[in-house]
Amino acid sequence: MDFDLIINSFPKLLSASIITLKLLSVSLIIGLFIGLFFAILRIKNNIIFGKIAYIYSYIFRGTPLLVQIFIIYYGFGQVEFIRESFLWIILKEPYWCAVIAFALNTGAYTSEILRSAFQTIKPGYIEAGRSLGIANKIIFYKIQIPIAIRQSLPAYGNEIILMLKGTSLASTVTLMDLTGVAKYIISTTFKPIEVFIIAGSIYLFITFIIHNLIKLLEKKYSF
Amino acid sequence: MELLLFGETGWGDELLIATLMTLAVSITAMLIGFVFALIFTPLKLSKNKFLNLIANFYTTVIRGVPELLVIYLFFFGGSSAIMFVASIFGYNDYIEINAFLTGAFSIGIISGAYSTEVFRGAIQSIDKGQFEASNVLGFNKVTSFFKVILPQMLRLSIPNLSNVWQITLKDTSLISVTGLVEIMRQSYIAAGSTRDPLLFYTVAAVLYLMLTFLSMKFINKMEIKYNRGY
């Protein structure tokens, strides 16, 4: 055990975890909107839009996240018209490539979580709303969405933790997040165990906080 | 398109071999994971607090830490750990362990943590009467586990194990960082030498989709087979 290394590398890893948290929160927020959008497409009884949403979620859940990042980061840079369009301002940055890949990936999983939450709402709630003469739009926003959010909290908590682990892949496109810095320290000092302990504990600490936050929310919105 | 042909100039045959390699690593990792799960599931269910703690530590740490970090630990730490053991026996040369084994082992440890949770859930949902009945019939613990509990546990855990299989299959793409030539690594090499990353990474995505699609078909068949009579 090299305790000097542990003490020296701790602040470096801690500051790198800020990038991890930034990646996580930005992609979760974007992914939530993408997921909600595709979940709504799935529950509306339009065959074509439903099929599109299904294919989107099937592709992003059936391929590794690493492939998705590489297609966006390395693949899109090769296409002439993307390089000449305004998109290039975003796609030339590894940070935004990673965020786009993470958001699309978590969006696919979120859409599945929200879809099953919408489908498990008892028809009685919607019928009760209708018999009270509430407009369909208001039933959707005031009855269906709040119940669906409550139903999907436990599954969404798992998804946040999976996404936290997913952000480690940002290190493969040159971003220095927690895993990126950990790999850099390992490959310069050849002390994998010490670095793994610190980086692993930071990840576990973040997981622990997310887990408890979700539990708190579940308690608050339980009925 | 001729880049994907088989033979000297195309990458088709290389990609086919890489796909088989991905499949081989995933199956090996899954089997290593089963070994871990069969060790840690009894610990998780035992009444001993200390054994519980060990099993919970394993599943919590592995499921809370990114896969990539675990792979780096074994990739950089594996050979030095073996060299340390070898140096005790007086062998001081550099030992390089096989990328396949390191990869399969690190992914196996990860999938083992998920399988442990699946098996624990399955055993807990077996009817209590089954345990009591095998007790009454005078089976000892080992016989009752292998003849009564295990067959039922496997049937109950097929749906969740199919999720673990999907996770494991996708996690093997991360082994490419250690240099093992599977789908991801082969596409990286091909993309680098042809300067056509979009094509090759899309092909990689299609290959992974095919693998997940075919394995889902296979697992569904198995589920029907083992649910006969229920």
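What you see is a predicted model; the values in this text were computed from it and never measured. Per chain, numbering begins at 1; letters A, B, ... match sequence-line order.
Proximity to chain B (any heavy atom under 4.5 Å) is shown, for A:F208, by neither the backbone nor the side chain. Looking at A:V79, only its side chain comes within 4.5 Å of chain B, counting heavy atoms on both sides. With a threshold of 4.5 angstrom between heavy atoms, A:S168 approaches chain B through its backbone and through its side chain. Contacts between A:A199 and chain B at a heavy-atom distance below 4.5 Å involve backbone atoms as well as side-chain atoms. Heavy atoms of B:S176 lying under 4.5 Å from chain A belong exclusively to its side chain. For chain B, the nearby part of A:S171 is the side chain; its heavy atoms alone come within less than 4.5 Å. Heavy atoms closer than 4.5 Å to chain B are found in both the backbone and the side chain of A:Y74. For B:I62, the part lying under 4.5 angstrom from a heavy atom of chain A is the backbone only. Both the backbone and the side chain of A:I193 come within less than 4.5 Å of a heavy atom of chain B. The part of B:Y188 that comes within reach of chain A is its side chain, from C-beta onward, which places non-hydrogen atoms under 4.5 angstrom from that chain. Contacts between A:L178 and chain B at a heavy-atom distance below 4.5 Å are absent for every atom of the residue. In this structure, chain A has no heavy atom under 4.5 Å from any part of B:V206.
The aromatic ring centroids of A:F37 and A:F33 lie 6.0 Å or more from each other. Aromatic ring centres of B:Y72 and A:F196: separated by at least 6.0 Å.
Counting non-hydrogen atoms of other residues, nucleotides and ligands closer than 6.0 Å to CG of A:N45 gives a total of 12 or fewer.
Atoms CE and NZ, on B:M184 and B:K170 in that order, are 13.5 Å from each other to the nearest 0.5 Å.
Per-residue heavy-atom pair counts under 4.5 Å with chain A were compared for B:D196, B:V70, B:T202, and the maximum is reached by B:D196. No other option in B:T212, B:L209, B:V177 has as many heavy-atom pairs under 4.5 Å with chain A as B:L209.
Summarising the geometry of A:L204 relative to B:T60, their closest heavy-atom pair is CD2-O, 3.7 Å, with the distance given to 0.1 Å. B:P159 approaches B:E223 most closely through the heavy-atom pair CG-OE2, 3.7 Å. Pairing each heavy atom of B:L15 with each of B:T19, the nearest pair is O-OG1, 2.7 Å.
In this structure, the side chain of A:Y73 does not engage the main chain of A:T172 through any donor-acceptor pair within 3.5 Å.
Between B:F36 and B:Y58, the angle of the ring planes stays under 30°, which puts this pair in the parallel group of the 30/60° scheme.
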